[in-house]
Amino acid sequence: MNWHIEQELNDKNIQQELINSANIPNHIAIIMDGNGRWAEEKGLSRSKGHKEGLESVRDIVKASSTLGVKYLTLYAFSIENWKRPFAEVEVLMSLLEIYLKNEVDELHKNKVRIKTIGKFNSLPKTVQKLLLSAVEKTKNNTGLTLTLALSYGARWDIVRAVQLIALDVRRGNLSPEDINEGNFSQYLSTKDIPDPDLMIRTSGEFRLSNFLLWEVAYGEIYVSNLLFPQFRRNDLYEAIKSYSSRERRFGKTSAQIKNEKKSIENDSYIKKVFNAIKSI
Ligand code: IPE
Ligand code: IPE
Ligand code: MG
């Protein structure tokens with residue numbers, strides 16, 4: 001199904017208003033937390049919480065895509081989550097399998113490019129196979145880039161990057177004094193993805209739980225009190241509104257940021273006038 005065609009008129013209008021009035025983040029990362037609590041509150045098994053969380057994934061992916069978000073990164077399974085009871089890990093892996101089996105065609109039709117970050121080899125072979133074929137099938141798509149963080153840990157990724165750098169130094173391809181922030185980030189598994197602009201965490205927890213520690217250095221953080229299965233597109237829009245109302249200073253003063261904005265606006269005004277004169 002084409003998501004633009006199935007989209008409700010009311011939602012289309014809300015998205016259009018958001019595009020007109022807010023700054024849409026280029027990259028949104030989400031720590032999808034609270035599936036277990038959602039289920040426990042209802043007297044259900046934790047698996048039911050994960051299943052309902054998958055419904056939120058579907059809704060958020062569609063909404064991000066039709067809204068024109070370029071990158072969405074979902075923290076689906078952390079490297080520390082392997083420490084959970086075996087039965088719960090099994091449920092999570094089988095849900096992942098179901099998602100990849102059932103949804104890749106629809107994602108592909110809607111131009112979504114699928115990527116994955118994390119300790120790939122530690123995933124079950126069936127999941128690895130499905131992921132590889134999903135990534136391959138969608139690699140030339142130009143719509144939303146959906147990155148699934150699976151068996152992912154930022155510290156694991158940073159240590160791995162250091163190992164790769166050490167190897168390059170040993171081979172004589174790199175000298176230690178040439179290592180900088182720019183080339184360091186090229187050794188991370190997120191090398192092809194821009195840094196997140198907005199990092200959302202659900203279920204009211206104020207921590208990063210080992211997610212994108214390097215990349216989120218200047219990302220805006222938004223914590224929602226909703227449990228992930230309750231978090232749907234309208235809640236995403238609220239997060240974007242909050243993001244849009246903030247001033248990102250990157251270490252500079254507020255006055256500097258305002259001046260930069262003014263000069264960009266002036267430049268684009270001058271360009272417009274210049275083009276108008278040229279076309280006469
Ligand atoms: C998030 O929900 C899903 C994963 C970590 C895989 P949780 O399972 O952590 O839910 P809570 O935090 O126990 O409620
Ligand atoms: C973070 O949630 C990991 C994912 C959402 C995949 P957790 O539930 O594992 O985080 P902690 O243990 O509460 O920090
Ligand atoms: Mg949790």
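Computed from a predicted structure; not experimentally measured. Numbering of ligands and ligand atoms starts at 1, following listing order.
For the atom pair NZ of Lys119 and OG of Ser189, the computed distance is 13.0 Å after rounding to the nearest 0.5 Å. Taking CG of Leu132 as the reference point, atom CZ of Phe120 lies at 3.5 Å (rounded to 0.5 Å).
Heavy-atom separations between Arg46 and ligand 1 include at least one value shorter than 4.0 Å.
Ion pairing between a basic and an acidic side chain is recognised when a charged N comes within 4.0 Å of a carboxylate O; Glu55 and Arg58 show such pairing. Salt bridge Glu52/Arg232: present, at least one basic N to carboxylate O contact under 4.0 Å.
Counted by atom type alone, Arg249 and Thr253 present zero donor-acceptor pairs between their side chains at under 3.5 Å. No hydrogens or angles considered: nothing links the side chains of Glu106 and Asn110 as a donor-acceptor pair under 3.5 Å. No side-chain donor from either of Tyr187 and Gln163 sits under 3.5 Å from a side-chain acceptor of the other. Side-chain contact check for Asp59 and Ser56: no donor-acceptor pair (N or O, by modelled atom type) lies under 3.5 Å. Lys258 and Ser254 are linked by a side-chain donor-acceptor pair at a separation below 3.5 angstrom, with hydrogens and angles left out of the test. In summary, the side chains of His27 and Asp195 do not present any donor paired with an acceptor at a separation below 3.5 Å, with no hydrogens or angles considered.
The number of protein N, O or S atoms lying under 2.8 Å from the Mg ion (ligand 3) is 1.
Ligand 2 lies under 4.0 Å from heavy atoms of Ile31, Met32, Asp33, Tyr75, Ala76, Phe77, Ser78, Asn81, Arg84, Arg201, Arg207, Ser209.
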